[in-house]
Amino acid sequence: MIALLLRAGKVKILVATALLVALTALVDWAVGRNVSLALLYIVPMMLGAVVLRPAQILFLAGLCSYLRSLFDTPGSPAELALRFVFALLAYTVSGLLVSGLVRNHELVRSHLRGVQVEQKLRREAEEQLKILAESSPAAILTLDGNGTVLAANAAANGLFMIPSGETVQGRKIRHYLPVLADALKAEVTPGLRTAAQCQGSRENGEVFLAHMWFSLYDTTEGRRLAAIVVDSSEEMRAREEEGLRQLLTGNRIMATALSHEVRNFCGVLERLCESLSRTHNLAQDRDLQQIVNLIEGLESMASLKLQTKSQAVLEPVPLKEVLDNLRIVIEADWREIGGKVQWCLPAEIPQVLAEPHGLLQAFLNLVQNSHRAVQLEPLRILTVTVVAELKKVIVRFEDSGPGIPAPETLFQPFQTGASGSGLGLYVSRSIVRSYGGDLKFEPRPQGCAFAVELEAV
């Protein structure tokens, strides 16, 4: 009933109220003072209270009470005053009661609309999450406390190679990912969020490398686990193959450096043998000749020469991406020693001809040398600058270290006093040269600077 009245509109309700008040007063006048029609005034009061405020309800109650008193049955002044007061109270209370009902009705309707909006939003969110889960390339799982899969998306069935027409839902996760089953049994606090790598098994027994993120939470029905799992086997294979290729390249460079030193050593031995032969007239001595033959054989074995160009196929490399990866690797180490890395990069950095992993290794070796050099310095700063010059791109690494006392021996292999094998700078320069570039030392009054020259694409 209240909803129907509210649909009629405020103006129509007020007009109807005024007409009812006038009609009731007219009937009361026509009947005369012999009969009281006080009860009829409650009807327009209740109708008007649907749209009136409390102060307006009180005014309407006063009006109805006044009209009632005009046509009321005769009585003493005190009795008439009491009738007016009681009528005013009755009309006001009835109006406020209706007003309260209307207000409660509006609150209920507002709450109902809010609930309907929330339900709609919840349905939309659930639908979006369902679409996201079903379309996700990563496997998404929900497990109960016993390790049984409660829900899984299509990617999970594909990851575990579940036969067509079947699902992993309802199966034990221990057969596929034992780590998740162990996590459910571990004594850890709810709300745990972590990542892990482990070996997983498919339905056919095939083993794969699983990278997963999972969280534990409690419900009224017990512990639950939600997990996102991806197959990292391809990434591991690519990483290991790249590592092997870099190892072979490094071994080739080190073998070349060793061969170079052996050949120098053999050259010295040959000159000593020639000197002995002339000084002591041993040209026909068989033993000396055997020694010369051994030296020549050793020199022949050590005739490996480092190619100036890499055997790998070089390609255009976005230098900015290599520098971004370098930033991720080194900045944490420099913060730990209270240092700072300043990046002076142009807005546009051209591509260079190189190989990304090897170039990153060459950069990293230079940065690590600077990191060791500034350990005892009060000011620990590394400045990385990129400058494009004609067909070359120069990447300069300049630190605030103590400098280098003997720069003429920098790029010699197997240096004495080096913190490692003494091959760092030698290998780095060889890598850069294999790309058609060069690594140079630039003297500074203070500190140390190296410039890596690369061919621009």
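- Going from atom CG of Asp399 over to atom CG of Asn369 covers 9.0 Å, rounded to the nearest 0.5 Å.
- A distance of 7.0 Å separates CG in Leu177 from CG in Leu159, rounded to the nearest 0.5 Å.
- Between the side chains of Ser233 and Asp231, at least one donor-acceptor pair of N or O atoms lies under 3.5 Å.
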- Query: Please walk me through it: do Thr383 and Glu398 pass side-chain hydrogen bond (donor to acceptor under 3.5 Å, both in side chains)?
  - Reply: CA-CA 5 Å; Thr383 303; Glu398 185 173 358; 5.9 Å; no

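- Between Glu442 and Arg444 there is a salt bridge, since at least one side-chain N of the basic residue sits less than 4.0 Å from a carboxylate O of the acidic one.
- Using a 4.0 Å cut-off between charged nitrogen and carboxylate oxygen, Asp182 and Arg174 count as a salt-bridge pair.
- Across Leu326 and Trp343, no two heavy atoms sit closer than the pair CD2-CH2, 4.1 Å.
- Residues Glu348 and Pro350 approach most closely at O-CD, 3.8 Å, considering heavy atoms.
- To the nearest 0.5 angstrom, Phe208 atom CZ is 7.5 Å from Cys198 atom SG.
- In this structure, CZ in Phe397 is found 10.5 Å from CG in Asn365, a value given to the nearest 0.5 Å.
- Taking all atoms of both residues into account, the shortest heavy-atom contact from Ser400 to Glu377 is O-CG, 3.9 Å.
- Here OG of Ser428 is found 10.0 Å from CZ of Phe363. Values are rounded to the nearest 0.5 Å.
- Closest of all the heavy-atom pairs between Ser232 and His211 is OG-CB, 3.1 Å.
- His105 places a side-chain heavy atom less than 4.5 Å from the side chain of Arg109.
- Of the listed residues (Arg433, Arg429, Lys392), just one forms a salt bridge (Lys or Arg N to Asp or Glu O under 4.0 Å) with Asp438, and that residue is Arg433.
- In plain terms, the two heavy atoms of Leu52 and Ser99 that are nearest each other are O-OG, 4.1 Å.
- Between the CZ atom of Arg335 and the CD1 atom of Ile337 there is a distance of 11.5 Å, given to the nearest 0.5 Å.
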